[in-house]
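In what follows, every heavy atom counts, from backbone to side chain, and hydrogens, waters and symmetry copies are set aside. Residue numbers start at 1 and run along the sequence shown. If you're wondering where the values come from, they're calculated on a predicted model, not measured in any experiment.
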Amino acid sequence: MNKLILAAAATALFSGSALASDASGIVARFNAGPRVITLDHGGSYTIPRDVALPSIKVGEKVTILLNDEGDVVRNVFVSPQSMM
């Protein structure tokens, strides 16, 4: 029984860190100077200078990939549906 509880706890722990590795949403604001994207749910992400930044417009759906700790942006993708 203890092994089952331990396995479930480990799975929950690893699942939580996997969910923290990206963020998706609609661009509410984009400030090109400091490279800050604010999504409709309120999260703001500063894009490092070494990360390629696609053309982004308010209202587009984007996915922001983060490092394993969830504190550094590694890539930004614009959803193909929002580019039509």
Side-chain angles (χ1 to χ4, degrees):
M1 182 71 173
N2 287 339
K3 289 182 182 181
L4 179 61
I5 293 171
L6 184 60
T11 301
L13 177 66
F14 290 121
S15 296
S17 64
L19 294 174
S21 64
D22 67 39
S24 295
I26 305 298
V27 177
R29 283 179 284 179
F30 174 58
N31 192 336
R35 298 169 56 105
V36 175
I37 298 172
T38 303
L39 300 180
D40 57 344
H41 57 71
S44 291
Y45 303 89
T46 301
I47 313 305
R49 297 277 175 201
D50 63 338
V51 173
L53 193 59
S55 176
I56 295 176
K57 297 177 186 137
V58 171
E60 289 183 312
K61 181 174 175 152
V62 296
T63 299
I64 299 171
L65 300 180
L66 305 164
N67 66 349
D68 290 338
E69 289 79 32
D71 60 351
V72 177
V73 174
R74 293 293 177 210
N75 213 334
V76 178
F77 298 100
V78 176
S79 175
Q81 295 89 346
S82 65
M83 295 180 356
M84 292 181 185

Could you measure the distance from the [atom1] atom of [X] to the [atom2] atom of [Y]? Nearest 0.5 Å is fine.
X: Thr46; Y: Asp71; atom1: OG1; atom2: CG; answer: 11.5 Å
X: Arg74; Y: Asp68; atom1: CZ; atom2: CG; answer: 9.0 Å
X: Asn67; Y: Asn75; atom1: CG; atom2: CG; answer: 12.5 Å
X: Leu65; Y: Ser24; atom1: CG; atom2: OG; answer: 8.0 Å

* **Qualifying residue, where the test is side chain to side chain contact (heavy atoms under 4.5 Å, CB included) with Val78 and the options are Val27, Thr63, Val62** => Val62
* To do: Taking the side chain as every heavy atom from C-beta outward, state whether Pro54 and Val76 have any pair of such atoms under 4.5 Å apart.
  => yes
* For side chain to side chain contact (heavy atoms under 4.5 Å, CB included), just list the numbers for Val72 and Leu66, CA-CA rounded to whole Å, side-chain angles, deciding distance to a tenth of an Å, and then say yes or no. => CA-CA 5 Å; Val72 177; Leu66 305 164; over 6 Å; no
Only pairs under 3.5 Å count here: list side-chain donor-acceptor contacts from residues 29-41, not counting sequence neighbours, and write none if there are none.
residue: Asn31; atom: OD1; partner: Gly33; partner atom: N; Å: 3.4
residue: Arg35; atom: NE; partner: Ile47; partner atom: O; Å: 3.1
residue: Arg35; atom: NH2; partner: Pro48; partner atom: O; Å: 3.0
residue: Arg35; atom: NH2; partner: Val51; partner atom: O; Å: 2.5
residue: Thr38; atom: OG1; partner: Ser44; partner atom: OG; Å: 3.0
residue: Asp40; atom: OD1; partner: Ile26; partner atom: N; Å: 3.3
residue: His41; atom: ND1; partner: Gly43; partner atom: N; Å: 3.3

* Residues two or more places apart in sequence or in another chain: which of them pass side-chain hydrogen bond (donor to acceptor under 3.5 Å, both in side chains) with Asp50? -> none
